[in-house]
Engineer: 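Structure incoming, see below.
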Amino acid sequence: MSSPNHDLAVRMAELARLTASPRNVDEVLADVTAAAVEMIPGTDTCGVLLIGKGGKFESLFGTSDLIYKLDALQEECGEGPCIEAAVDELIVRTDDFTTERRWPNYSRAAAELGVRSGMSFKLYTTATTAGALNLFGLKPHAFDGESEAIGSVLAAHAAAAILASRHGEQLESALNTRDTIGQAKGVIMERFNVDALRAFEMLRELSQTSNIRLVDIATRVIETRGD
């Protein structure tokens, strides 16, 4: 019979392999939230909260409807552990929402829903978006130091998937931009009988004088190809 520590190590290794493989970020985050409920005792529901520019909330990958209610309460109250973890702290833990004083309005509302414990982990923060992995329990003092350790590893997996996805999107965008500019240079070279360097200079000059992004200028040039 295997020990709990052995089972945990095996599950962590399995999750690491899944995260490292080329998969959709949504699949990874869904796996992470499910793993949190499975691997961290006292976790009754788990999800990911993203806070966008202007304070727009997006509640994702909830393992039950309760997580969406709790995230909606934080948006309504303008306070709560998930917000604090996403924006400021690395880990935010609440042992009992009935006695929690950091977010009085949210804590009271969460307790009324039967939620007593919470634990939130920062995923990442950029200039436009912040995110947190959030766990909640229906019993007080559901989480301890070991819970934080396991949750930190799960949050690291989630953050890695998000960052890899963002890098992939940025790389794809950069490649598309380069291709668009290359096509526009070809149009200008043919139309004005100039070399590649002069074609690029013409694009850049037009971008600067019109105060329009280079890639947008390039797109317009391509659209005039048949004119």
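Worth saying up front: this structure is predicted, and the values here are computed from it rather than measured.
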Engineer: Does CG in Asn193 sit with more than 12 non-hydrogen atoms of other residues, nucleotides or ligands closer than 6.0 Å?
Structural biologist: no
Engineer: Under 4.5 Å between side-chain heavy atoms, hopping through other hydrophobics if needed: is there a path connecting Met202 to Leu206?
Structural biologist: yes
Engineer: Taking all atoms of both residues into account, what is the closest heavy-atom pair of Val92 and Pro81, and its distance?
Structural biologist: CG1-CB, 3.8 Å
Engineer: Any chance you could measure Met189, atom CE, to Leu197, atom CG, to the nearest 0.5 Å?
Structural biologist: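 It comes to 10.0 Å.
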Engineer: What is the distance from atom CZ of Phe57 to atom CD of Glu76, rounded to the nearest 0.5 Å?
Structural biologist: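 The CZ atom of Phe57 sits 11.0 Å away from the CD atom of Glu76.
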Engineer: Cluster question for you: counting only ILVMFWY and a side-chain heavy-atom cut-off of under 4.5 Å, with indirect links fine, are Leu70 and Leu133 together?
Structural biologist: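 No, separate clusters.
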Engineer: Looking at Thr43 and Leu135, would you say the former's side chain and the latter's main chain have a donor-acceptor pair under 3.5 Å?
Structural biologist: no
Engineer: Give the minimum heavy-atom separation between Arg116 and Thr98, together with the two atoms involved.
Structural biologist: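 For Arg116 and Thr98, the tightest heavy-atom pair comes out as NE-CG2, 3.4 Å.
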Engineer: Given side chains that start at C-beta, do those of Ile83 and Ile51 come closer than 4.5 Å, heavy atoms only?
Structural biologist: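 In short, these two side chains touch, coming nearer than 4.5 Å.
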Engineer: Taking the basic N atoms (NZ, or NE/NH1/NH2) and the acidic carboxylate oxygens, is any pair closer than 4.0 Å for Arg198 and Glu201?
Structural biologist: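 Salt bridge: yes.
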Engineer: To check you understand the geometry: which heavy-atom pair defines the closest contact between Leu73 and Leu113, and what is its length?
Structural biologist: CD1-CD1, 3.6 Å
Engineer: Taking Thr63 for its side chain and Cys46 for its backbone only, find out whether a donor-acceptor pair lies under 3.5 Å.
Structural biologist: yes
Engineer: Would you call Arg93 and Asp95 a salt bridge, using N to O less than 4.0 angstrom?
Structural biologist: yes
Engineer: For the residue pair Asp96 / Thr99, report whether a side-chain donor-acceptor contact shorter than 3.5 Å exists.
Structural biologist: no
Engineer: For Glu79 and Gln74, indicate whether the former's side chain and the latter's backbone hold a donor-acceptor pair under 3.5 Å.
Structural biologist: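 No.
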Engineer: Fit a plane to each ring of Phe97 and Tyr106, take the angle between them on a 0 to 90° scale, and name the class: parallel (under 30°), tilted (30 to 60°) or perpendicular (over 60°).
Structural biologist: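 Plane angle over 60°, so perpendicular.
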Engineer: Test your reading of the model: is there a side-chain donor-acceptor pair from Lys185 to the backbone of Ala199, 3.5 Å cut-off?
Structural biologist: no
Engineer: Minimum heavy-atom separation for Phe136 to Cys82, with atom names?
Structural biologist: CZ-SG, 3.8 Å
Engineer: Looking at side-chain heavy atoms only, is the closest gap between Arg220 and Ile212 below 4.5 Å?
Structural biologist: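 Heavy-atom side-chain distance check passes, below 4.5 Å.
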Engineer: Could you tell me whether a side-chain N or O of Asp71 sits under 3.5 Å from a main-chain N or O of Ser59, the two making a donor and an acceptor?
Structural biologist: no
Engineer: Does any N or O in the side chain of Ser207 come within less than 3.5 Å of the main-chain N or O of Leu203, such that one atom is a donor and the other an acceptor?
Structural biologist: no
Engineer: For Val153 and Phe121: C-alpha separation, side-chain torsions, deciding distance, then whether side chain to side chain contact (heavy atoms under 4.5 Å, CB included) applies.
Structural biologist: CA-CA 10 Å; Val153 174; Phe121 301 84; over 6 Å; no
Engineer: Side-chain heavy atoms under 4.5 angstrom apart, residues restricted to Ile, Leu, Val, Met, Phe, Trp, Tyr: same cluster for Leu60 and Leu29?
Structural biologist: yes
Engineer: Do you know the tightest heavy-atom contact between Gly114 and Leu138?
Structural biologist: O-CD2, 3.4 Å
Engineer: Would Ile217 end up clustered with Val194 when hydrophobic side chains under 4.5 Å apart are linked, directly or stepwise?
Structural biologist: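 Yes; Val194 is reachable from Ile217 via cluster members.
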Engineer: Would the number of heavy atoms belonging to other residues, nucleotides or ligands and lying under 6.0 Å from CD of Glu190 be above 12?
Structural biologist: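 Counting other residues, nucleotides and ligands, CD of Glu190 stays at 12 neighbours or fewer.
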Engineer: Taking CZ in Arg102 as the centre, count heavy atoms belonging to other residues, nucleotides or ligands within less than 6.0 Å. Is the count above 12?
Structural biologist: yes
Engineer: For the atom pair CD1 (Ile150) and CZ (Phe143), what is the distance rounded to the nearest 0.5 Å?
Structural biologist: 11.0 Å
Engineer: Is a donor on one side and an acceptor on the other found under 3.5 Å between the side chain of Asn134 and the backbone of Ala132?
Structural biologist: yes
Engineer: Rounded to the nearest 0.5 Å, what separation is found between the CD1 atom of Ile188 and the CD1 atom of Ile181?
Structural biologist: 10.5 Å
Engineer: Give the intermediate values and the outcome of side-chain hydrogen bond (donor to acceptor under 3.5 Å, both in side chains) for residues Trp103 and Glu84.
Structural biologist: CA-CA 10 Å; Trp103 322 284; Glu84 189 160 324; 2.9 Å; yes
Engineer: State whether Lys122 and Glu89 are salt-bridged, where the test is any N-O pair (Lys NZ or Arg NE/NH1/NH2 against Asp/Glu carboxylate O) under 4.0 Å.
Structural biologist: no
Engineer: Say you draw a straight line from CD1 of Ile67 to OG1 of Thr45; how long is it, rounded to the nearest 0.5 Å?
Structural biologist: 4.5 Å
Engineer: Shortest non-hydrogen contact from Ala35 to Leu154?
Structural biologist: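 Closest heavy-atom pair between Ala35 and Leu154: CB-CD2, 4.1 Å.
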Engineer: With a 4.5 Å cut-off on side-chain heavy-atom distances among I, L, V, M, F, W and Y, is there a chain of contacts connecting Val48 to Val115?
Structural biologist: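 No, Val48 and Val115 fall in different hydrophobic clusters.
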Engineer: Quick one: OG1 on Thr94 to NE2 on His141, what's the gap to the nearest 0.5 Å?
Structural biologist: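 Output value for this atom pair is 11.0 Å.
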Engineer: Is there a side-chain contact between Leu49 and Tyr68, using heavy atoms and a 4.5 Å cut-off?
Structural biologist: no
Engineer: Check whether Ser117 reaches the backbone of Gly137 with its side chain - one donor and one acceptor, N or O, closer than 3.5 Å.
Structural biologist: no
